[in-house]
J.: 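One structure, as structure tokens, below. Some questions next.
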Amino acid sequence: MQAIRYEASVGADHALHVPTPDLPEGTVAEIIVLVRQRPQPAHRDWTQHFGEFARFDSLEALNRYVDELREE
């Protein structure tokens, strides 16, 4: 068994493209992927959550909303 080290980035198509000019066509290879670092998702500003959830002016309005959900 021989080990060849390549470094590749995941493309926009979510695929790894590994060129292997040193290996002849038909060579069987076993691929092991070691993830060095994943990009961190950008955190949204907490003010962007406004409007995503139901808002209530009173406890009674909240109770009516919950009761309607229970009926469904």
J.: For residues Val35 and Val10: do they belong to one hydrophobic cluster (side chain heavy atoms under 4.5 Å, members Ile, Leu, Val, Met, Phe, Trp, Tyr)?
T.: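 Hydrophobic grouping puts Val35 with Val10.
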
J.: Distance from Glu68 atom CD to Asn63 atom CG, nearest 0.5 Å?
T.: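 One finds 11.5 Å between CD of Glu68 and CG of Asn63.
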
J.: Are the side chain of Ser58 and the backbone of Ala61 linked by a donor-acceptor contact shorter than 3.5 Å?
T.: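 Yes, the answer is positive, given that a donor and an acceptor are paired below the 3.5 Å cut-off.
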
J.: Does anything in residues 9-18 pair up under side-chain hydrogen bond (donor to acceptor under 3.5 Å, both in side chains), and if so which pairs, sequence neighbours excluded?
T.: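 Of all non-adjacent pairs touching residues 9-18, those that pass side-chain hydrogen bond (donor to acceptor under 3.5 Å, both in side chains) are Asp13-His17.
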
J.: If you apply the rule salt bridge (Lys or Arg N to Asp or Glu O under 4.0 Å), what do you find for Arg64 with Asp67, and how did you get there?
T.: CA-CA 5 Å; Arg64 282 193 304 273; Asp67 289 340; over 6 Å; no

J.: Tell me whether the count of non-hydrogen atoms from other residues, nucleotides or ligands lying under 6.0 Å of CZ in Phe56 goes above 12.
T.: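 Yes, enclosed.
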
J.: Rounded to the nearest 0.5 Å, how far does CG of Asp57 lie from CG of Leu62?
T.: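 Reported value, rounded in 0.5 Å steps: 11.0 Å.
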
